[in-house]
2 protein chains.
Amino acid sequence: MKPKIEDVAKVAGVSPTTVSRVLNDRGYISSKTKEKVFAAMKEINYVPNDLARSLYNKRTYLIGVIVPSTNHPFFGELVDSIEKMCNDRGYKVLLCNSLQEAEKEKKYWDMLRRNQVDGVIVVTYNRGLIDKNQQFPAVAIDHYLSENIHVVSSDNFQGGELASKELLDVGCKNIIHINGDVNLETPANERQYAYEKVMHDAGRKPLTYHVPNVAYLESNIDVIKQLFQENPDVDGIFASDDLLAIRTLQHAKSLGYRIPEDLKIIGYDGTGLIRSIYPELSTIVQPTYQIAENAVETLIEEIDGTSQEIKEKTLSVSLWKGKTTRASS
Amino acid sequence: MKPKIEDVAKVAGVSPTTVSRVLNDRGYISSKTKEKVFAAMKEINYVPNDLARSLYNKRTYLIGVIVPSTNHPFFGELVDSIEKMCNDRGYKVLLCNSLQEAEKEKKYWDMLRRNQVDGVIVVTYNRGLIDKNQQFPAVAIDHYLSENIHVVSSDNFQGGELASKELLDVGCKNIIHINGDVNLETPANERQYAYEKVMHDAGRKPLTYHVPNVAYLESNIDVIKQLFQENPDVDGIFASDDLLAIRTLQHAKSLGYRIPEDLKIIGYDGTGLIRSIYPELSTIVQPTYQIAENAVETLIEEIDGTSQEIKEKTLSVSLWKGKTTRASS
DNA sequence: CTGAAAGCGCTTACAG
DNA sequence: CTGAAAGCGCTTACAG
């Protein structure tokens, strides 16, 4: 059996109360007693049971993180940053990969409640999930969920603008946008609106193709093919995701398009990974680290009761200019 | 205050014992009582407290997962698979990104003990971590840790052989290997041994360059530069990691090497992500899904006490043949 | 400076 | 078929 406080107390010749006190460094204890207790703990290899502690304190220092999948570079990077921030502040991360399935998200949400997490950081595009009795502090990333849930986003409209203008600036005439599932309420919708606005302002007609699932690249190739068949004269493509952009670029090359001479391409997300292995790809860089930082800080503030107001924070994105949008004068 | 079992009991007009019984579906309860209890739970929006449950049952259904970082595609994919497997079997994942720092790993390990996780899946290259009193079931991935910890690996020697032979097969004469930190006991060491064996068997002299940190790509460029300066006649490179391979490929191109005509390159890991966005890169594909599956199953078997023996499982890898090792006859 | 007692929210023998 | 009591391992008023 694992030793408990009582066992330590016996070995040290003191009461459990005293052991608990030295453990928590609370109240005044003679240094002799402290030493005895520490010695006893080493001797029997005592490890405190945080379950019991949490039960009493009603505080687990556990944060639930719900994302579609750590497999996608953006979420891998985001989760990495969130975990780091949490760890720095003494919180632990319960990871939930929802695969964007509403049913799974619902189950995870319930599981997190049962496990008494102190708060949740969630990336979801399904609004209906959160029941009105939602009890714990939560921060949603990139998507409004309900009036008592904070939102931390990057500026998706700005990103859409930056990307679209970049293509115009380098001389594209026929600019097409590729986005994800048209039925999903993702932040990529904002990117599309921005694209449409920029096109209108420039007197061009916007045209958007939607792939069924950004994450499952295989399922997207048909849409990409269709795009080129229907628009052989396309000379600029703004994809709402870097993986999609790369896939499109590959297909274009296989059709004989020269990049950037015949066709310019820009993606979205700009994770460190993609920028490192595909530096030539122009893209909009999301401030992943700041998103994570803001989300974790906002959450902990609410947990600690430091701040009452529900916050909405929007962070700026930036342009990574690679060869795929190099002006081909 | 959150409602507890006692509150449900009052509303339903039964004892807490009975509520607990319907909650756990244990013992015989009249269906009338059941209904009353369920109705009461809905009415006051009751959610069981798994902390209290776990405290009593000495079972948390929590699994700690320690990896260097979800930011690396291989670990992102691995964690994704592990989390999926765990979720399917009713376990939850406590995520720990150690960044390969021994100190952090140690802290995480202690934290997991305090949190009473049922078991741990760990990717670490530091052997000294695990104290002899290590209590809970654990599975190490790709690296032997101690006699009471299972190991699930892919066959790194086989992978090294496959990669090296592939380069020989397509006609390379001067084959150089790039590996990670020479001081780390990573599975990539096996890949290097295999490379050296294949070279010797072919009557060639092996030559390995070590980069300081596979994960931080920026820090590796100096070594890559050095490699080409010192061996301008290199015509085959086996990198122990796809990201490293891609970086090397980029640098080679910038120096004017044509791939694969002048120089052939093969990487390692072959994650779905890399294969999808860099299909031209030849690589050794690790069976990530099976690794995760085996690790989770082995761990749960030990947790359940179904199996006593400590297992060592080695899974086969396979070759993904892309253009970067196309024979240039 | 230290201890006995009650309680965190649950579950399970033990009675009935 | 149902309930009162004790206990999971910890912590904190309340006494002394």
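Sequence lines set the chain letters: A, B, ... in the order given, protein chains first and strands last, and positions in each chain run from 1.
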Q | Heavy-atom donor-acceptor pair, B:T17 side-chain to D:dA4 base, under 3.5 Å | A |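 Checked by distance alone, the answer is yes.
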Q: List for me each residue that meets side-chain hydrogen bond (donor to acceptor under 3.5 Å, both in side chains) alongside B:R89, sequence neighbours excluded, and say none if there are none.
A: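 Once residues adjacent in sequence are excluded, the partners of B:R89 under the side-chain hydrogen bond (donor to acceptor under 3.5 Å, both in side chains) criterion are B:E297.
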(Q) Atom OH of residue position A:Y61 - does it have more than 12 heavy atoms of other residues, nucleotides or ligands inside 6.0 Å? (A)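 No, the 6.0 Å shell around OH holds no more than 12 heavy atoms from other groups.
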(Q) With a sphere of 6.0 Å drawn around NZ of B:K313, does it hold more than 12 non-hydrogen atoms of other residues, nucleotides or ligands? (A)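 Atom NZ in B:K313 is not packed in, count stays at 12 or less.
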Q) Taking only N and O in the side chain of B:S30, is any of them less than 4.0 Å away from OP1 or OP2 of D:dT2? A)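 So the side chain of B:S30 is within the cut-off, an N or O lying under 4.0 Å from OP1 or OP2 of D:dT2.
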Q. For D:dT2, does OP1 or OP2 lie under 4.0 Å from any side-chain N or O of B:S15?
A.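 Indeed not, no polar side-chain atom of B:S15 lies that close.
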Between [Y] and [X], is the closest basic N to carboxylate O distance under 4.0 Å?
| X | Y | value |
| --- | --- | --- |
| B:K34 | B:D25 | yes |
| A:R53 | A:D50 | yes |
| B:K10 | B:E6 | yes |

Q. CG of B:N57 versus C1' of C:dA13: gap in Å, rounded?
A.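 To the nearest whole Å, that distance equals 14 Å.
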State the [atom1]-[atom2] distance between [X] and [Y], to the nearest 0.5 angstrom.
| X | Y | atom1 | atom2 | value |
| --- | --- | --- | --- | --- |
| B:F38 | B:T33 | CZ | OG1 | 11.5 Å |
| B:K2 | B:N49 | NZ | CG | 7.0 Å |
| A:D88 | A:M85 | CG | CE | 6.0 Å |

Q: Pull out every residue in residues 32-41 of chain A that has a heavy atom closer than 4.0 Å to any atom of DNA chain D, ordered by number, or say none.
A: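 Heavy-atom contacts with DNA chain D come from no residue of residues 32-41 of chain A; none.
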Q: Please determine which of B:V139, B:L78, B:I66, B:D142 meets the side-chain contact (heavy atoms from CB on, under 4.5 Å) test together with B:V123.
A: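 Testing B:V123 for a side-chain contact (heavy atoms from CB on, under 4.5 Å) against B:V139, B:L78, B:I66, B:D142 leaves exactly one candidate, B:L78.
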Q. Out of A:L299, A:I300, A:N294, which residue meets the side-chain contact (heavy atoms from CB on, under 4.5 Å) rule with A:V296?
A.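 Exactly one option meets the side-chain contact (heavy atoms from CB on, under 4.5 Å) with A:V296, and it is A:I300.
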Could you list, one pair per line, each protein nitrogen or oxygen that sits under 3.5 Å from a nitrogen or oxygen of nucleotides 6-10 of chain D, together with the distance?
residue : atom : partner : partner atom : Å
D:dC8   : O3'  : B:K58   : NZ           : 2.8
D:dG9   : OP1  : B:K58   : NZ           : 2.5
D:dG9   : OP2  : A:K4    : NZ           : 2.8
D:dG9   : N2   : A:A52   : O            : 3.4
D:dC10  : OP1  : A:Y46   : OH           : 2.4
D:dC10  : OP1  : A:N49   : N            : 3.0
D:dC10  : OP2  : A:I5    : N            : 2.5

Q. B:T18 and B:S15: side-chain donor and acceptor closer than 3.5 Å?
A.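 Distance-only check passes for B:T18 and B:S15.
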Q | Intra- and inter-strand pairs of DNA chain C in dot-bracket (Watson-Crick or G-U wobble, both distances under 3.5 Å; | for another strand) | A | |||.||||||||.|||
Within the sub-3.5 Å range, which N or O atoms of nucleotides 14-16 of chain C have a protein N or O partner, and how far apart are they?
none

Q | Any pair counted as ring-ring contact (aromatic ring centres under 6.0 Å, His included), so long as it reaches residues 294-313 of chain B, sequence neighbours left out | A |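 Listed once each, the pairs would be none.
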